[in-house]
Amino acid sequence: MGTIIFFMQCGFAFLEAGAVRSKNTTNILIKNILDVFIAGIAYWLVGYALAFGEGNSFCGENMWATVGLSEDKLAFWFFQFVFAATAATIVSGSMAERCNFHAYLIYSVILTAIVYPIVSHWAWSGDGWLASEGSAYQDFAGSGVVHLTGGIAALVGAVILGPRHGRFDSDSPDIRGHSVPLAALGGFILLFGFLAFNGGSQASISQPGDAGAVARAIVNTVISGSFGGITSLIIYRTGVCGVSNTWSFLMALNGALAGMVAICAGCNVMPIWGSCVTGIVAGMLFITIHTLLDKLKVDDPLDAVAVHMGGGLWGLVAVALFQDGGIVFGGSGKVLAWNIAGALAIMAWAGGLCIIMFGTLRLVGWLRVPIEMEIQGMDILKHGEPAYPAGSWEEKQYYNKLAANYQQQHNDNDTNSSDRNN
Amino acid sequence: MGTIIFFMQCGFAFLEAGAVRSKNTTNILIKNILDVFIAGIAYWLVGYALAFGEGNSFCGENMWATVGLSEDKLAFWFFQFVFAATAATIVSGSMAERCNFHAYLIYSVILTAIVYPIVSHWAWSGDGWLASEGSAYQDFAGSGVVHLTGGIAALVGAVILGPRHGRFDSDSPDIRGHSVPLAALGGFILLFGFLAFNGGSQASISQPGDAGAVARAIVNTVISGSFGGITSLIIYRTGVCGVSNTWSFLMALNGALAGMVAICAGCNVMPIWGSCVTGIVAGMLFITIHTLLDKLKVDDPLDAVAVHMGGGLWGLVAVALFQDGGIVFGGSGKVLAWNIAGALAIMAWAGGLCIIMFGTLRLVGWLRVPIEMEIQGMDILKHGEPAYPAGSWEEKQYYNKLAANYQQQHNDNDTNSSDRNN
Amino acid sequence: TTEETTTTLSIAELTHVVENIQSNSDTFFLIIMGTIIFFMQCGFAFLEAGAVRSKNTTNILIKNILDVFIAGIAYWLVGYALAFGEGNSFCGENMWATVGLSEDKLAFWFFQFVFAATAATIVSGSMAERCNFHAYLIYSVILTAIVYPIVSHWAWSGDGWLASEGSAYQDFAGSGVVHLTGGIAALVGAVILGPRHGRFDSDSPDIRGHSVPLAALGGFILLFGFLAFNGGSQASISQPGDAGAVARAIVNTVISGSFGGITSLIIYRTGVCGVSNTWSFLMALNGALAGMVAICAGCNVMPIWGSCVTGIVAGMLFITIHTLLDKLKVDDPLDAVAVHMGGGLWGLVAVALFQDGGIVFGGSGKVLAWNIAGALAIMAWAGGLCIIMFGTLRLVGWLRVPIEMEIQGMDILKHGEPAYPAGSWEEKQYYNKLAANYQQQHNDNDT
């Protein structure tokens, strides 16, 4: 299962690669692949110790560099490492196309070594204050721990970094991703990976009831994602948000992802109609936040904030409402209270640290690339590897075609101008 | 296993995306992703009840919206849902580039809610007439249930919809897909998914003999696919079908897929040489149907009919011939008779329903997009998301290159004309 | 006494049930892992597709998909028999076309078939963009039917001379058997075939792949597949200690790959190799792959810090061989030699050094000696056969495409399927844009 979740890195990479312009494609790809390597190293050296070492209710304190980790726990290490890499990857999306490479290196080390591990210690380690006996915090597959943490970091990053050049100029056209198929590929892989993400969070399969819980988690993920996708597609189509009213592929995809994020927290304990409602609300919430950020001139090329922060927050509420014995069944509000407390703590911790980190980077001028580099693209200037080198596309078929078409275009223009002259 | 089969949706999406022109890429991608979501909703609400609810020999009658479904069965639900989505996806291929989006929404709901579930009830539910004790129908992984159903629907759809504008004009060039790599990506994912599709159909792993059956299913799938691909590649190369004689990638890929479809029915009970023969015949059959449809001016951009209907039909015959104790071993023809009966019933049911459905859609004028939209492409007009937005590819390297090349091209042309003048 | 009989019976039954579940879960484990490794073919295909020019994309894709089909047929008919049939210490001699293979062994067949296809695929990378299609068909049959199976017989079949009791050869997931074999064949092929037209001309620019995203896709899939490749090599999951070994293999693979990638990225950035000093995506990716190849041999027995060192050295070694081949004017478009031969060789050494009880722990050098012997034997066998094979093909003139075809690209001339047909990209948005830009460009030039 960890192996399949690992594949989600590929999904994020292509979702992001498709959503940037061709001149920054290599840049976003290298960020995503380094997320894996950096997480591998940082989580090995520091992160796992902070997360699952023995310690106090705030953080763990031993097993640095997995020294002293028993062999049985290696599979668990791998599973948790993949989660850490996922949390870090979310951020690179909202900061795409304008973030400096050095700043990227710094923030991804800090996120995977410190920010995320401590959150996961709170909720998933035996010692953590959200996992202790008195607590009723419920977050099965990380709506809060993974997605809210990543989403809030993405929001802070996007705000401090500022929008891309020309993004909110009234006279320039929308900035679009350069390739819908690449984004779609990423989306499909993420849908596939989410099934493993939510199913695998049971983390065991040999106990009585495990198989049922895993199956329930997967079915709920499918249903919530389906309703999320259809909901946001239809809302976008009606145009109530003041935006265009087309059948948008990216809205359907992101709505589905938001639905899947929202069901993370409770996918093992919800009845199926509950995940249906969760998905619908997640789809609506996604499109609301998407529109809102646009209004506030926060530039998030990937909608990472709307998907992960929106979905994550709602997920923590939804589990308290719809789980068997939850509030809509007349249960107590204890889970809801604890989940809200947990969400606030996560937002304060991750948000606070990110404000300090990104703020410092901005003050010393490392956060953002110079405006010339932003216009020319980072692939050639920074990485020396244009994503689609013009020299490797030199084929007769294109030039013949182009020459012919240019000729025709030319003629058309002539006709047009003569029309105008008349 | 179900999770990996789920990934086949991604395979279909990219096989189809690569096979259409760039102006309809977003359109086909959104169809494929919605197949998942629509199947998720329709199969949850209606389909599963018709397929595996308790009922009569024609259809099931309870467990609508999975109410009353025990937790043990959720994994089974997920597995069957993925199959339903697969059957629906096959159809979108043959109707690509000219089918109206509303028509698409309607037919995919009907396919996943009614047409496919009832067929699967017949063959795979305990109550179904093809699964009853008297029946000898054999269809392990759905050559008939999934692929023949999807294939016949694809055929009916393509015929009623008519060919794409300019497809069979004698003076216009072939319509080609816009990207072989995307199609290849889809193909590779499908090969990968088929291993899980056929292996996973055992649906249990803890009984004695299960592991052996799964292993046999997978090895047979590999062998049949390999021979199918090589066979159709070589036949195409010889040019006996009156077509060009190049080493065609798409022929090799589609031949292999046809081989894998054909082995579905008997992959658990065939000797390995049997799957070798099955693959070879499937490859030949694929290329025959491909040529035939071309002659009949039926436009199937994806060869979905040749792969799934051809492979599916032959698979139902092949299992009767080559299984241990089958006809070539001197066994009785009972399985063959039942399988042919089953195939006819499936074709009558799925074909009949599709004729009514697509016929009605055509009569009310919802089936096909207007000719202007077909020429300009649906991505921009319908979805507002061109797959490769020109604005996001504005890079200096391309313009410098293009200007230089255009100049050179221009000069070449001048030289050529002056040559001619001399 | 009746009670006793029933008890014994039920215990016997229980044992039977447990054995049954064990063998089933072992088989299932192999199949799942094999299926994921099968997906590595897709990874190789796209890594290579992204690394060639657009005019040869279909060509490299068809080679990669045929690798699967050809390996399926050749390994079924001949390869498996040579590899795992009963026989002598050099090769197996029965079970041609899997006749006589028991049902239990089918999962094992599948797993080994996938490995064979992997070894063959490595070669198509280093020979990309100029190798004749017929030559490709011939060499991939020979590689999957003869060259690779015999190597795997030596090391992994009970009869093989590297697997016999006296031997201390250690190669868990095939640093030597798979990657060194493929890497040496790739090297021989690239040398005999010669560089691409214009590759080392001083005045022409670098030849680059046409699409970084495609290469990246392949790379991500390979990283994913390697986890299964190394984890799955345990080949069973029901024995005590199996789960631990699988987990250790996967963690070591992650760590070694991470350090390999970061190391070669940083070295390339410093520019010490005399090359440009940018943050290169392909360097990071290939360094990570080299790290993962190098950890194959010992991923089940190394401490985690050992795989950290292995990865760092693999990253350095990768970039050294990459630079060296460039200097020697050997044209390897995919860096297949540097990744697989470099990583594979180092892996065989690393396991002897860093495993629990290895040389750095004061252990004996026996494993190292045997591993070096094994590496030399593999290089002699695979290298020798490839020299004969590629040499003959070159002599009869089948090895390389004519220069005109190389310049125009093989997609249209050989396969009739351009990867991106110009006719299917006819959209108003592009022409309007182009016309406007050309105009502007024109004006700029005038200025």
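Proteins come first, then strands; the chains are lettered A, B, ... in the order of their sequence lines, and each starts at number 1.
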Q) Among Ile380(B), Leu250(B), Asn24(B), which has the most heavy-atom pairs under 4.5 Å with chain C? A) Leu250(B)
Q: Compare all side-chain heavy atoms of Lys63(C) with those of Phe249(B) and state whether any distance is below 4.5 angstrom.
A: no
Q | Side chain / backbone / both / neither for Ala183(B) at chain C, heavy atoms under 4.5 Å | A | neither
Q: To the nearest 0.5 angstrom, please state how far the NZ atom of Lys414(C) sits from the OG1 atom of Thr246(B).
A: 10.5 Å
Q. Relative to chain B, which segment of Asp411(C) carries a heavy atom at a distance below 4.5 Å: side chain, backbone, both, or neither?
A. neither
Q.
I'd like to verify something: which residue of Val68(C), Leu101(C), Thr58(C), Leu30(C) has the highest number of heavy-atom pairs under 4.5 Å with chain B?
A. Thr58(C)
Q: With a 4.5 angstrom heavy-atom cut-off, could you sort out which part of Phe194(B) is near chain C: side chain, backbone, both or neither?
A: neither
Q) Of the listed residues (Gly18(B), Ala252(B), Ser248(B), Pro181(B)), which shares the most heavy-atom pairs with chain C below a 4.5 Å separation? A) Pro181(B)
Q) Do Phe322(B) and Ser275(B) have side chains that get closer than 4.5 Å, going by heavy atoms? A) no
Q. Is it the side chain or the backbone of Leu66(C) that comes within 4.5 Å of chain B heavy atoms, both, or neither?
A. side chain
Q.
Salt bridge or not between Arg216(B) and Asp324(B)? Use side-chain N to carboxylate O under 4.0 Å.
A. no
**Q.** Selection from Ala97(C), Ala49(C), Ser102(C), Pro421(C) maximising heavy-atom pairs under 4.5 Å formed with chain B
**A.** Pro421(C)
Q) How long is the span from the CD1 atom in Ile37(C) to the CD1 atom in Ile32(C), to the nearest 0.5 Å? A) 11.5 Å
Q: Considering only heavy atoms and a distance below 4.5 Å, find which of Tyr75(C), Phe113(C), Phe46(C) pairs most often with chain B.
A: Phe46(C)
Q: Count the heavy-atom pairs under 4.5 Å between each of Ile175(B), Ile230(B), Leu185(B) and chain C, then report the option with the highest count.
A: Leu185(B)
Q) What part of Ile375(B) gets closer than 4.5 Å to chain C, counting heavy atoms only: side chain, backbone, both or neither? A) neither
Q: Identify which part of Leu137(C) has an atom lying under 4.5 Å from any heavy atom of chain B, answering side chain, backbone, both or neither.
A: side chain
Q) What part of Ile223(B) lies closer than 4.5 angstrom to a heavy atom of chain C: side chain, backbone, both or neither? A) side chain
Q.
If we count only N and O atoms by modelled type, under 3.5 Å, do the side chains of Thr98(C) and Trp109(C) hold a donor and an acceptor together?
A. no
Q) For Leu61(C), is it the side chain, the backbone, both or neither that has a heavy atom under 4.5 Å from a heavy atom of chain B? A) both
Q. Who wins among Met251(B), Arg237(B), Lys23(B), Gln376(B) for the most heavy-atom pairs under 4.5 Å with chain C?
A. Lys23(B)
Q: Could you look at Leu191(B) and say if it's the side chain, the backbone, both or neither that has a heavy atom under 4.5 Å from chain C?
A: both
Q) Is it the backbone or the side chain of Tyr420(C) that comes under 4.5 Å from a heavy atom of chain B, or both, or neither? A) both
Q) If you measure only the distance, is there a donor-acceptor pair under 3.5 Å linking the side chains of Tyr236(B) and Asn254(B)? A) no
Q) Going by the angle between their ring planes, with limits at 30° and 60°, are Phe108(C) and Tyr80(C) parallel, tilted or perpendicular? A) perpendicular
**Q.** Pair Asn64(C), Glu48(C): side-chain N/O donor-acceptor within cut-off below 3.5 Å
**A.** yes
Q.
One thing to verify: whether Glu97(B) and Arg164(B) come together as a salt bridge, which I'm taking to mean a side-chain N less than 4.0 angstrom from a carboxylate O.
A. yes
Q: Hey, can you tell me if Trp398(C) and His134(C) have their rings parallel, tilted or perpendicular (30° and 60° cut-offs)?
A: tilted
Q: Identify which of Ala256(B), Gly177(B), Pro386(B) forms the greatest number of heavy-atom pairs closer than 4.5 Å to chain C.
A: Gly177(B)
